Enquirer: 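First the structure, then my questions, so here it is.
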Number of protein chains: 2
Amino acid sequence: MQSLGCDVAALNTVHFSNHTGYRQFKGTRATAQEITDLYQGLCQSNLTDFDVMLSGYAPSAAAVEAVGAIGMDLKKKSEKPGSFFWVLDPVMGDQGRLYVNGDVVPAYKEIIKQADLILPNQFEAEVLSGIEITSLATLAEAITAIHRIYSVPHVIITSVQLSKLSQSGCTPTPPENFLTVIGSTTQSDGSPRLFRVDVPALDCFFSGTGDMFAALMVARLREAVAAAGNGLQSTASWVSPDSVSATTLPLAQATLKVLSSMHSVLERTMEARNAELAKIALETAQSEGLVDDAEERQKQDYLRRTKAAEVRLVRNVQFLRDPLVQFEAQDWRREDLPAALQ
Amino acid sequence: MQSLGCDVAALNTVHFSNHTGYRQFKGTRATAQEITDLYQGLCQSNLTDFDVMLSGYAPSAAAVEAVGAIGMDLKKKSEKPGSFFWVLDPVMGDQGRLYVNGDVVPAYKEIIKQADLILPNQFEAEVLSGIEITSLATLAEAITAIHRIYSVPHVIITSVQLSKLSQSGCTPTPPENFLTVIGSTTQSDGSPRLFRVDVPALDCFFSGTGDMFAALMVARLREAVAAAGNGLQSTASWVSPDSVSATTLPLAQATLKVLSSMHSVLERTMEARNAELAKIALETAQSEGLVDDAEERQKQDYLRRTKAAEVRLVRNVQFLRDPLVQFEAQDWRREDLPAALQ
């Protein structure tokens, strides 16, 4: 966010030694009271003139509620329509598995009603909509339901593997090694305005890409809304008039820049990681038999591989600042949608 | 540091809502145990391959010791000379007044012995050297004493008002509205190699300039040492051979870039702050009598003025990346020094 010109204040909800991709870490979680206190500290010195809030992982239901109370207070304090915008990443789980306590789910379901844009992954979209995403039809239904149940005007599902879904009615189907990002801004009748962007998947697990997407989205959406003109910046929740098509939405334009930046950074990360893995393989061959304990050897190997895949962000900052836009947004035309949603 | 290309891991020693220049804040201080735990977290996953450590404010003597133990462990782990460098800002007080507990002073006096570069202000240099700085002679004596007592090879005193000191033997004397930064890298006989840089003072109190100086110094000193060649990067503590004069030291070259960046950013900050103060003055005139409570009015005014002087860093990042070097380093030739130090 800073590299794209945003002045940022961070309120940390955890203080960990490293990301959890290492499968071990030390440190502490902020309590709901600590989160609230920090915000009260900002309030008492009149330091709450934020135009965007980005909220991410919170370590308990009470912490989610504390974050929600901050979002609501900032919204209440914002005097003009569009002068405050809340991007909420409902971090709950992935790949069919919750990694937070069960009581975090209803806490998110409550606070999302106040958010302007939410960024669930496919699993979180299922949890929030109550709809299992098995096809393009159910994907569209899930987004429609999220707009309706939570009155949240903008939704992006950050990663769907369309080729794994049943394809009834979907053209064109991206190849297997593609990921699809699906976004929507509601129209005035509450129906979705759906766009999709297909991106080649990289054969590597990176940690922190969700946070990277969210942070870049904050900066790029502000820009796209400013560029849209027509008073969009001072329209509640930055919702474009119905005349704006899905693929020309500021949300779609921002998504293209974000995904282009990410793809360039992650491609270069993977090159550096592959070079590092080759080095590891060579050293492992040379030191064969030095570490007797097979379990310990495996753990050390996992730690090195995880470190090798750390996102090379700082050295690739030019791709954040000047993305080479290499993807395109596609419309879901009415005829592409299942009959019930047309 | 990130804007200059450094990959940074932050270990927070406090979690505050805002800087203490506001005279009020909320939040928590990290305990020594929490600091140590976070470092242990890095150790257990082999994430300690740092080439520089920058340590700043620590909230207790035990926390200073915990930070010191981390610096010593990283130094011990670094296999080759010059592969680890510790920049230590001994944050203890300013303007003749300690703002930490008394027991923090001996804790710093102990850990400084392991540091490569320390960045005391004038008061902290007095505390560490035991010498009151009242003249150019005593200033040189204080730096000489710091090199000798703590075996610390690089020292920068970040702000001295030379025009306030007794001037016996000092040429040229900078005008009253200048601040002077004094630096030194030891020679092989332990004597100082002194340089000074005079910078016009800006008529404004900024918070965080000490941290800005330290962070930029880390990035610029690494660069200057790499540029120096002759194996300086793999020389213990990056100490240049005796043939290198004071003003051509990497420490001096780095100081020039750091001060130039800072001056540009702070000049622009002051312009923005003056515009903000003018707005405040206008609004105050218009709302005269609206807030009855004089004390409350004064407090609100102080908070606004403090916020108005917040350093505009992100929007002026080009001056960090590409400083317009506008200052010069001056030698303290032997004949400029008091007889006892010649």
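Chain letters run A, B, ... following the sequence lines, proteins first, then strands; residues in each count from 1. None of these values were measured; they are calculated from a predicted model.
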Enquirer: Mind checking which of residues 265-273 of chain A sit less than 4.5 Å from chain B, heavy atom to heavy atom?
Expert: none
Enquirer: To the closest 0.5 Å, what do you measure between CG (B/Asp51) and CZ (B/Arg222)?
Expert: 4.0 Å
Enquirer: Ignoring hydrogens and geometry, is there a side-chain-to-backbone donor-acceptor pair from B/Asn18 to B/Gln24 under 3.5 Å?
Expert: yes
Enquirer: OG/A/Ser264 to CG/A/Asn316 distance, rounded to the nearest 0.5 angstrom?
Expert: 8.5 Å
Enquirer: When rounded to the nearest 0.5 angstrom, what distance separates CE in B/Met53 from CH2 in B/Trp86?
Expert: 4.5 Å
Enquirer: Taking the side chain from A/Arg220 and the backbone from A/Val218, do they hold a donor-acceptor pair closer than 3.5 Å?
Expert: no
Enquirer: Going by an N to O cut-off under 4.0 Å, is there a salt bridge joining A/Arg297 and A/Asp301?
Expert: no
Enquirer: Restricting to non-hydrogen atoms, name the atom on B/Phe206 and the atom on B/Ala309 that form the minimum distance, rounded to 0.1 Å.
Expert: CD2-O, 3.7 Å
Enquirer: Identify whether the distance between the nearest side-chain nitrogen and carboxylate oxygen of A/Lys279 and A/Glu276 falls below 4.0 Å.
Expert: yes
Enquirer: Given heavy-atom pairs under 4.5 angstrom as the criterion, report whether the side chain, backbone, both or neither of B/Asp49 touches chain A.
Expert: side chain
Enquirer: Who in residues 29-48 of chain B is close to chain A, using a strict under-4.5 Å heavy-atom cut-off?
Expert: B/Glu34, B/Asp37, B/Leu38, B/Gln40, B/Gly41, B/Leu42, B/Gln44, B/Ser45, B/Asn46, B/Leu47
Enquirer: Using every non-hydrogen atom in the two residues, find where B/Ser55 and B/Val67 come nearest and quote the distance to one decimal.
Expert: CB-CG1, 3.6 Å
Enquirer: How far does CD of A/Gln114 sit from CG of A/Leu74, to the nearest 0.5 angstrom?
Expert: 12.0 Å
Enquirer: Using heavy-atom distances under 4.5 Å, tell me whether A/Phe16 contacts chain B through its side chain, its backbone, both, or neither.
Expert: backbone
Enquirer: Donor-acceptor pair, A/Thr13 side chain versus A/Tyr57 backbone, under 3.5 Å?
Expert: yes
Enquirer: Who among B/Leu303, B/Thr28, B/Thr306, B/Leu313 has the most heavy-atom pairs with chain A under 4.5 Å?
Expert: B/Leu303
Enquirer: Roughly how far, to the nearest 0.5 Å, is NZ of B/Lys77 from CG of B/Asp73?
Expert: 4.0 Å
Enquirer: Looking only at heavy atoms and a cut-off of under 4.5 Å, which of A/Arg23, A/Lys307, A/Arg315, A/His15 has the most pairs with chain B?
Expert: A/His15
Enquirer: Under a 4.5 Å heavy-atom cut-off, does chain A meet the side chain of B/Phe25, its backbone, both or neither?
Expert: backbone
